[in-house]
Amino acid sequence: MLVYGDVEHIESAAAVCASISSMMMACIEMQPSRQRHEILVRAFILAGELVQGLADQEFASKGADDLSELQDAGAKLLLIQARAIMQSWRNGFAGILSFPDDWAAELESLDSVDPVRMKRAEGYAFYALYPESYIEAALISNLTPRTVVIGIRSIGTGLAALVSAALGAEPAYSLRPTGHPFERQLHVTPALSERILAEPETDFAIVDEGPGLSGSSFGCVGDWLQANGVASGRLHFFPSHAGEPGPHASEPHRTRWRDRPRHVVSFDDLMLKAKDPRRRLHTWAADAVGVARSSWRDLSGGAWRAVRYRDPSLWPPSYMQMEKRKFLMEAEGGAWHVKFAGLCGSDVDKARRGSLLSEAGFIPKIAGTCYGFIIEEWLDGTPFDTRGLSRRHIVDHLGRYLGFRARHLPARNGGASIQKLCEMAVFNIAEAAGSDTAGNLRCVIGAPERLSRRLRRVDTDNRLHPWEWLTATTGRIMKTDALDHNAAHDLIGCQDIAWDVAGACVEFQLSSKERDRLADLVGREADCDLRDDVLRFFEACYLGFQIGLWSQAKACVDCAEMERIESTIKRYLDRLPGLVRP
């Protein structure tokens, strides 16, 4: 199924270097605090994405990883930043922060006249991967400063620097696996191979997030090292979780993964169970809302349903792997939802957007942010039940909400092109419903290019399911998760508001008359023309995406969750005939 999408952006290297320099200078001048630490981490993440982009440019021009003065400078800069992060973290954010005199020169070496294509580091953006976890994992690994550290691009570029910093090792190397996602391979020039393998009798640390469905990125680096004379017993893995590779892993890779040490410190151990209260998420969140004592409950992985629904038989489905980490914090006088929103400033950006939606009365109040998490008011209420409200009231509220987003929230980033949406929908529906249905759908979609001039990207919600809404005790309808589904780890991104109108039509099973009313309300509020052909196009694409998304979610779930997911997929499939009927 086509579901996921890499978030790439083309930037001026000079502008990125200027941003990194500005943040590092700010850190030097700031008083010791967690806020200073957050800015330091933002500079590090941005530098890692820049070094990755520059390294991939050189790889593309040569067809292999090679010796590079530019990449050497990037590795040295990342190591400088990683050492500062370790110092700040281990000292509880206290103490004077300084950098070696050559940090500016190393950064200046990364300035390129050409634009650079940078990839967003997925773990930092979506999966609550914190750089400090790799520092802690390296500190308890018992590896020596002689260890050769290899990061797997993309995110491994920076993660490897953190391991090097904690070990006291030399700057890390980075390598780019290529090829089929389940059968990755390395291409390394003899000159770089000779440098990496100069001491084959030492230990080698292989660093990345994952493993994913196959673990082939970790696996191919291990294969390459062993093929070049490194004993299997010298390999150490630094992944982001303690689990096994997914079902597409080869047996040799799976066997080596089980045999070799895996050095991991989980998010829970790092942020929730830390001995030092200055390093606990609970402490930061309580400080942000001004409470001294509070309880803490994990709502991640679908656990939020047990709070909102008394009867488990009424639970909606959950794609647990894609859910953000989230918690319920309760204290005398209030309760708050603490949800991961992303590092590198994403939490602050989303909080600003949330404040605008909150002031308009559509979502709960935003209470603040703390190191990658947004804190919002937790509202008492009941899951949205359409049976207790008139259909007209529901449609009118959807119209006001979507019209407000379309008028007041311009697109912050890009999203899939309409051609890509079409490709995704036809492919996913062919997989789920057969080629005949997909062919009929292709006829409904027609030539998507004809719509290009009539579309305008906005900050779409991308998640209009009824379980995303709440009827508060005041009787008001509130959207409970409205800030970042268009910046998720999928290919949709920001679209024309017609995407959300189509989504609302599907999720609330609106009639043709109700659909026309919703389109008219949104069109008048946002000054856009939501014609029938546009809505049919986006509904086709919406169904294709949801069918693909929930089909992917079926991996590794229990029987009860499987039943919920299968029922959800069937609901989307059942809507297809009415859409594709000639």
Side-chain angles (χ1 to χ4, degrees), residues 6-30 34-57 70-86 88-89 97 99 103-112 114-135 151 153-162 164-165 171-172 174 207-209 340-350 369 371-372 412-414 487 489:
D6 290 327
V7 181
E8 295 185 336
H9 48 107
I10 299 175
E11 304 286 351
S12 158
V16 175
C17 287
S19 295
I20 296 169
S21 177
S22 176
M23 285 187 279
M24 293 180 71
M25 290 298 297
C27 289
I28 294 172
E29 296 170 0
M30 289 179 69
R34 193 192 73 242
Q35 288 70 30
R36 182 185 69 176
H37 185 83
E38 293 181 24
I39 293 174
L40 178 61
V41 169
R42 288 178 61 185
F44 171 76
I45 293 174
L46 187 57
E49 292 178 351
L50 175 61
V51 174
Q52 163 264 309
L54 293 170
D56 281 344
Q57 279 186 345
L70 183 148
Q71 292 183 54
D72 287 346
K76 290 176 183 177
L77 175 67
L78 289 170
L79 183 57
I80 289 169
Q81 293 174 315
R83 287 169 175 164
I85 291 171
M86 181 171 68
S88 173
W89 176 253
L97 193 64
F99 304 111
W103 75 268
E106 303 295 359
L107 178 58
E108 187 177 350
S109 299
L110 304 183
D111 193 345
S112 169
D114 297 323
V116 58
R117 183 181 297 275
M118 296 162 53
K119 293 185 67 174
R120 175 176 294 178
E122 295 162 0
Y124 299 142
F126 309 124
Y127 301 117
L129 178 62
Y130 278 74
E132 297 85 358
S133 64
Y134 282 75
I135 290 172
R153 294 201 300 276
S154 298
I155 196 174
T157 307
L159 296 177
L162 298 159
S164 289
S174 80
V207 188
D208 196 14
E209 65 178 337
F340 182 71
L343 299 175
C344 211
S346 297
D347 54 345
V348 177
D349 292 341
K350 292 172 185 177
T369 64
Y371 198 13
R412 310 176 323 282
N413 48 51
H489 187 197

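Quick note: residue numbers are just sequence positions, from 1.
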**OP:** Can you run down the side-chain hydrogen bond (donor to acceptor under 3.5 Å, both in side chains) pairs that involve residues 36-45, sequence neighbours left out, and say none if there aren't any?
**Re:** Arg34-Glu38, His37-Ser88, His37-Glu132
Original post:
Rounded to the nearest 0.5 Å, what separation is found between the CG atom of Leu162 and the CG atom of Leu79?
Top reply: 9.5 Å
Subject >> Pairwise side-chain contact, Leu50 with Glu11, heavy-atom cut-off 4.5 Å (strictly under) >> reply: no
Original post:
Which atom names give the shortest non-hydrogen contact between Ser346 and Ala341, and what distance separates them?
Top reply: CB-O, 3.3 Å
Original post:
Which distance, rounded to the nearest 0.5 Å, do you find between the CZ of Arg120 and the SG of Cys344?
Top reply: 8.5 Å
Original post:
Which heavy-atom pair separates Ile10 from Pro115 by the least distance, and what is that distance?
Top reply: CG2-CB, 3.6 Å
Original post:
Hey, does Ser174 have a side-chain heavy atom less than 4.5 Å from the side chain of Gln52?
Top reply: no
Original post:
What is the minimum heavy-atom distance between Pro171 and Lys76, and which atoms define it?
Top reply: CG-CG, 4.1 Å
**OP:** Hey, could you give me the NZ/NE2 distance between Lys119 and His9, rounded to the nearest 0.5 Å?
**Re:** 11.0 Å
Subject >> Sub-4.5 Å side-chain heavy-atom contact between Leu40 and Trp89 >> reply: no
Original post:
By side chain to side chain donor-acceptor pair (under 3.5 Å), which residues pair with Glu122, not counting sequence neighbours?
Top reply: His489
Subject >> Inter-residue atom distance Thr157.OG1 - Asp56.CG, 0.5 Å rounding >> reply: 7.5 Å
**OP:** Measure the OH-CG distance between Tyr134 and Leu129 for me, rounded to the nearest 0.5 Å.
**Re:** 5.0 Å
**OP:** Grab the two heavy atoms, one from Phe44 and one from Ala161, that are nearest each other, plus how far apart they are.
**Re:** CE1-CB, 4.3 Å
**OP:** Might you point out which heavy atoms bring Ala125 and Phe340 nearest each other, and give the distance in Å?
**Re:** O-CE2, 3.6 Å
Subject >> Lys350 NZ: over 12 foreign heavy atoms closer than 6.0 Å >> reply: yes
**OP:** Calculate, to the nearest 0.5 Å, the distance between atoms CD and CD1 belonging to Glu106 and Ile80 respectively.
**Re:** 5.5 Å
Subject >> Test item: Leu343 and Pro131 side chains (from C-beta on) under 4.5 Å apart, heavy atoms >> reply: yes
Could you tabulate the donor-acceptor pairs under 3.5 Å formed by side-chain atoms of residues 12-30, not counting sequence neighbours?
{"residue": "Ser12", "atom": "OG", "partner": "Ala14", "partner atom": "N", "Å": "3.4"}
{"residue": "Ser12", "atom": "OG", "partner": "Ala15", "partner atom": "N", "Å": "3.2"}
{"residue": "Ser19", "atom": "OG", "partner": "Ala15", "partner atom": "O", "Å": "3.2"}

Original post:
Do you know the tightest heavy-atom contact between Phe99 and Ala84?
Top reply: CE2-CB, 3.6 Å
Subject >> Side-chain touch Gln35/Ile39, heavy atoms, less than 4.5 angstrom >> reply: no
**OP:** State, yes or no, whether a side-chain contact exists between Tyr124 and Leu159 at a heavy-atom distance under 4.5 Å.
**Re:** yes
